[in-house]
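Data first, discussion second: the structure below is written as structure tokens.
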Amino acid sequence: MKKILVALLVMLGINAMADDINLWQKSTLNSIIQKGVLTVGLEPGYMPFEMKDKQGNIIGFDVDMANEMAKAMGVKLQLVPTAWDGIIAGLLTGKYDIIMSGMTITQERNLKINFANPYISVGQTILASKKHAGKKWSDLDKPEYTIVTKIGVTGEIATRKMFKKAKIRTFETEADAAQEVLNGNADGMVYDKPYNAIFFAEKGATGKLVHLDEELTYEPLGFAIRKGDPDFLNWLNNFLNQTQHDGTYKKIYDRWFTDTAWQKKVM
């Protein structure tokens, strides 16, 4: 009986080992190493995470993190510009290995894809017409006011949840939505705080805008991958932990959120 039990345990161990090997062979991380290229899906236009400079190059916080990631893997980096409304579908169909595009971690998205540990947190704020200086967000929830945001993002979710009386309009890009406020065609734009702060810093001198910077939401951002890939997820979390403790993350963070020199490259 003892010999049979030992044989069963050995067999189970061999099967488990075989399963682990098969899992690794199917891993996105293994595929990246084999092909020598890390492909990253992102939507340029979300300052300062990913955007195009005056020469058309894609730059930003997420791009620098992607470069460090590819360097740590020992592979080349390939950026795949993708429209936001199809970015998750692109990941699921294998158009790229990972989404690094300032994506907020939500339970709804997490049903379709997996996220590495959060790498930064942002909240929704309101970029408003100057006439609304000193007001709270609730003061803008009136039928005579128009609130704009970008379609398909957490800003739209927050807008529709919080504004029940105001008119709501959505745009394909955050830049178009912000321009509506600047042009006086909307009373406020609900969007991520970093973008609103940067836009206000650049356009606030016009005297037409005010940044109501009280955060309306808590939104952790994360890198997204396909489900069923524990090896890749483990590697990403260890990568984040390492960069956040060896100075790499802080260096990149300061470059895009503390220093303003990059703004001359895009504006």
Side-chain angles (χ1 to χ4, degrees), residues 42-54 56 58-61 81 83-87 101-104 121-219 221 256-267:
L42 74 179
E43 184 200 39
Y46 180 27
M47 296 188 293
F49 290 93
E50 44 272 330
M51 57 210 160
K52 289 186 178 181
D53 64 16
K54 295 176 181 178
I58 302 175
I59 62 173
F61 180 89
W84 187 259
D85 58 1
I87 200 166
S101 193
M103 179 172 281
T104 304
S121 177
V122 301
Q124 300 297 309
T125 61
I126 300 178
L127 190 66
S129 174
K130 182 71 174 181
K131 63 184 178 182
H132 298 303
K135 293 182 180 179
K136 298 180 179 180
W137 73 266
S138 55
D139 296 328
L140 301 181
D141 190 21
K142 297 179 180 180
E144 62 267 31
Y145 295 145
T146 298
I147 304 299
V148 296
T149 188
K150 180 180 177 180
I151 191 170
V153 298
T154 52
E156 181 183 7
I157 296 173
T159 301
R160 297 193 183 281
K161 180 179 179 180
M162 303 178 77
F163 291 86
K164 300 299 184 181
K165 300 176 183 178
K167 300 180 186 70
I168 297 174
R169 295 167 56 204
T170 58
F171 292 81
E172 288 294 328
T173 70
E174 54 269 57
D176 288 340
Q179 195 64 39
E180 283 294 286
V181 181
L182 186 62
N183 292 342
N185 297 324
D187 293 277
M189 177 182 79
V190 176
Y191 202 64
D192 295 349
K193 185 175 183 176
Y195 182 89
N196 285 349
I198 292 168
F199 192 92
F200 179 71
E202 288 299 314
K203 306 295 184 180
T206 63
K208 298 179 179 180
L209 299 173
V210 62
H211 185 200
L212 308 182
D213 60 359
E214 179 185 0
E215 294 188 11
L216 308 180
T217 59
Y218 164 70
E219 298 185 29
L221 307 186
W256 297 104
F257 291 95
T258 303
D259 192 357
T260 60
W262 62 267
Q263 295 181 14
K264 297 179 182 179
K265 299 180 180 179
V266 299
M267 300 174 182

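Since this is a predicted model, take the numbers as computed values, not measurements.
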Any donor-acceptor pair under 3.5 Å from K164 side chain to R160 backbone:
yes
Using side-chain heavy atoms (C-beta onward) and a distance below 4.5 Å, is L140 in contact with F163?
yes
How close do V122 and P194 get, counting heavy atoms only, and between which atoms?
CG1-CG, 3.5 Å
Keeping W84 on the side-chain end and V153 on the backbone end, is there a donor-acceptor pair under 3.5 Å?
no
N196 side chain to D213 backbone, donor-acceptor under 3.5 Å:
no
Ring pair (Phe, Tyr, Trp, His ring centres under 6.0 Å), paired with F61, selected from Y195, F257, W256
F257
Shortest non-hydrogen contact from I198 toward P48
CD1-CD, 3.5 Å
Gap separating the CD1 atom of I126 from the OG1 atom of T149, nearest 0.5 angstrom
10.5 Å
Rounded to the nearest 0.5 Å, how far does OG1 of T159 lie from CD1 of I151?
12.0 Å
Measure the CG-CD distance between L182 and E202 for me, rounded to the nearest 0.5 Å.
12.0 Å
Evaluate the criterion side-chain hydrogen bond (donor to acceptor under 3.5 Å, both in side chains) for residue pair T154 and E219; output intermediate values, then yes/no.
CA-CA 9 Å; T154 52; E219 298 185 29; 2.6 Å; yes
I'd like to know if the side chain of K167 reaches the main chain of I147, judged simply by a donor and an acceptor atom lying under 3.5 Å from each other, with no hydrogens or angles considered.
no
Check for a donor-acceptor pair, side chain of D139 on one end and backbone N or O of K136 on the other, with a separation under 3.5 Å.
yes
Here the pair of heavy atoms bringing A186 nearest to S129 is O-CB, 4.4 Å
Please answer whether the main-chain N or O of D176 pairs with a side-chain N or O of T173 as donor and acceptor at a distance below 3.5 Å.
yes
Search all heavy atoms of K52 against all heavy atoms of V266 and return the closest pair with its distance.
O-CG1, 3.5 Å
Write down the atom of A177, the atom of V148, and the distance for their closest heavy-atom approach.
O-CG2, 3.5 Å
Got a sec, which pairs hit side-chain hydrogen bond (donor to acceptor under 3.5 Å, both in side chains) with one end in residues 203-212, sequence neighbours left out?
T125-H211
Is the shortest side-chain heavy-atom distance between L209 and K130 below 4.5 Å?
no
Under the 3.5 angstrom rule, does the side chain of T217 hit a backbone N or O of Q124 as a donor-acceptor pair?
yes
Residues in salt bridge (Lys or Arg N to Asp or Glu O under 4.0 Å) with E174, at least two apart?
K150
Donor-acceptor pair, distance only, cut-off 3.5 Å: does the side chain of N183 make one with the backbone of N185?
no
Can you tell if the side chain of M189 reaches within under 4.5 Å of the side chain of F171, non-hydrogen atoms only?
no
Measure across V181 and A128 and return the closest heavy-atom pair with its distance rounded to 0.1 Å.
CG1-C, 3.8 Å
Salt bridge or not between E215 and K193? Use side-chain N to carboxylate O under 4.0 Å.
yes
